[in-house]
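Letters A, B, ... mirror the listed sequences (proteins, then strands); counts begin at 1.
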Number of protein chains: 2
Amino acid sequence: MGIAERKERDKEELRERILVAAKTLFLEKGVEKTSIRNIADLIEYSPGSIYHYFKDKNEIFHALHQGGFQQLMGRMEVLASVSNPMERLKGMGSIYVQFALENPDMYDLMFIKDAPILHVSNSNEEQWKEGFGTFNFLRSTIKECIDVGHFRGHEEEALSFLVWSTVHGMVSLRIRRRCEVVLAQRQDTIVKDGLNEFFSILDRLSS
Amino acid sequence: MGIAERKERDKEELRERILVAAKTLFLEKGVEKTSIRNIADLIEYSPGSIYHYFKDKNEIFHALHQGGFQQLMGRMEVLASVSNPMERLKGMGSIYVQFALENPDMYDLMFIKDAPILHVSNSNEEQWKEGFGTFNFLRSTIKECIDVGHFRGHEEEALSFLVWSTVHGMVSLRIRRRCEVVLAQRQDTIVKDGLNEFFSILDRLSS
DNA sequence: AAAAATAAATGAACAGTGTTCAAAATAAAA
DNA sequence: TTTTATTTTGAACACTGTTCATTTATTTTT
């Protein structure tokens, strides 16, 4: 009875094709301008078919969203070998910013857009597990820093949120084009410069 | 020949009525779910009329966007009497965060959403004058801090961007519902707590 | 092999969107 | 009053996400 299995595979394959088509169009034109009909056209199926594989448009983009977190987590893996928590923290910042600037549309979907997950279901904790994973990595690194004697007087959770907010703030202002207000000649480097300022501040807080 | 003037007034009045209706609906349902037809219904005009007063939907929301900057700038005015630049800087942070949390939809329109201005015209500097104003206020305050001897080793422009990014990061993560990853019992206070951590860091950099 | 049952794909239909524009209604000027 | 100018209209266009009865394709049973 390998037929049921093959059918399952076929179904999974088409699901994947929808996802690939959606990602292609999304990276070309953004979420809003990617319509179900566009996706259907690209895979040469009718619009209605899509709904046999995904509940709605949000579910499609939530799937891409999850893929983005895996990408980001993958990039962080090189830091496993960095034993100095302070160095690891700065490495995380660099990788995070680099990921955001290299994949602005994906970053936008993951951290800026109205979260697709909110529309898919009443967001229970399960659904946020990707986000939990990355934030926990940051939190545990900062905890290590504190345990080693850095950031005296600061508190783990709030500081973790603050650090995340700082890098998110910089890249999201850039991605959503709010950097026009900084000096014209600085606009291309302002995120990098800001990050360096941040690192030098973190160093000052080390003792 | 007061007729031309009266007509001018009438036109301006209807323009204002459109704006009021747009703002009402926008604060109720958000930009995307506020349609031209909704606005037209509310002021009891046909949809087509709107286009005699605004080029397109973006122009309407850019007008509201400008109003938001005036509001924010207005709140900042109380700081004119704060002579200590360090205190003024922290005051700006508090006011900024408070404004964002009290007017999340307006903040979203001003700093998070795809800038309406980008679609209205090829954004020249003129159009960003509201943004320039607020950022210049931050920059000049930080310059004062540096002149007085704070933030030694840091550079005005990049540090200004970093400070802005930090507060923007916190409130935008909150507004776009990315705080689910922090400890459940901390979610309501995390922005306030993060801001306090930030202030304590700024204090450490004072000397 | 033919018939019945199951599964998958279709495309028209619905209610909505921003925007345009010829025509109609209104107001002002001659 | 007639002519000119302005303002308002609402139908039409080309889209959108989503649903669902109907058709097509495949698998199972007879």
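OP1 or OP2 of D:dT9 lies within a sub-4.0 Å distance of a side-chain N or O belonging to B:Ser49. Phosphate contact (OP1/OP2 of D:dT9, side-chain N/O of B:Tyr51, threshold under 4.0 Å): absent. A close approach under 4.0 Å does occur between a side-chain nitrogen or oxygen of B:Ser35 and OP1 or OP2 of C:dT17. For C:dA8, neither phosphate oxygen OP1 nor OP2 lies less than 4.0 angstrom from any side-chain nitrogen or oxygen of A:Tyr45.
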task = Test B:Phe111 against B:Tyr96 for ring-ring contact (aromatic ring centres under 6.0 Å, His included), laying out the working first.
result = CA-CA 12 Å; B:Phe111 295 107; B:Tyr96 189 94; 5.6 Å; yes
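The distance from atom NZ of A:Lys33 to atom C1' of D:dT16 is 13 Å, rounded to the nearest whole Å. The CD1 atom of A:Ile36 sits 6 Å away from the P atom of D:dT18 (whole-angstrom rounding). Rounded to whole Å, atom C1' of C:dT17 lies 8 Å from atom NZ of B:Lys57. Straight-line distance from the CZ atom of A:Phe54 to the P atom of D:dG17: 15 Å, rounded to whole Å. Regarding B:Ile50, its CD1 atom lies at a distance of 14 Å from the C1' atom of D:dT7, rounded to whole Å. In this structure, B:His52 atom NE2 and C:dT26 atom P are separated by 16 Å, rounded to whole Å. Atom C1' of nucleotide C:dG18 and atom CZ of B:Phe61 are separated by 12 Å, given to the nearest angstrom. Spacing between atom CZ of A:Arg15 and atom P of C:dA8 amounts to 14 Å, rounded to whole angstrom units.
Judged by distance alone with a 3.5 Å cut-off, no donor-acceptor contact links the side chain of B:Arg37 to the base of C:dG16.
In this structure, A:Leu14 and B:Glu32 both approach DNA chain C, and ranking their closest nucleotides by distance from the 5' end singles out A:Leu14. Of the residues near DNA chain D, A:Asn38 and A:Gly48, the one whose nearest nucleotide (by heavy atom distance) lies more toward the 5' end is A:Asn38.
Distance check, rounded to the nearest 0.5 Å: OH of A:Tyr53 to CZ of A:Arg17 gives 9.5 Å. Residue A:Leu159 holds its CG atom at 5.5 Å from CD1 of B:Ile201, rounded to the nearest 0.5 Å.
Of the charged side-chain nitrogens involved, at least one lies within less than 4.0 Å of a carboxylate oxygen, so that A:Arg174 and A:Asp188 count as a salt-bridged pair.
You'll find that the side chain of B:Lys11 is closest to D:dT7, out of D:dT7, D:dG17, D:dT16. Set against C:dG11, C:dA8, C:dG18, the side chain of A:Tyr53 has C:dA8 as its closest nucleotide.
The main-chain N or O of A:Lys33 is found under 3.5 Å from a side-chain atom of A:Lys29 such that the two form a donor-acceptor pair.
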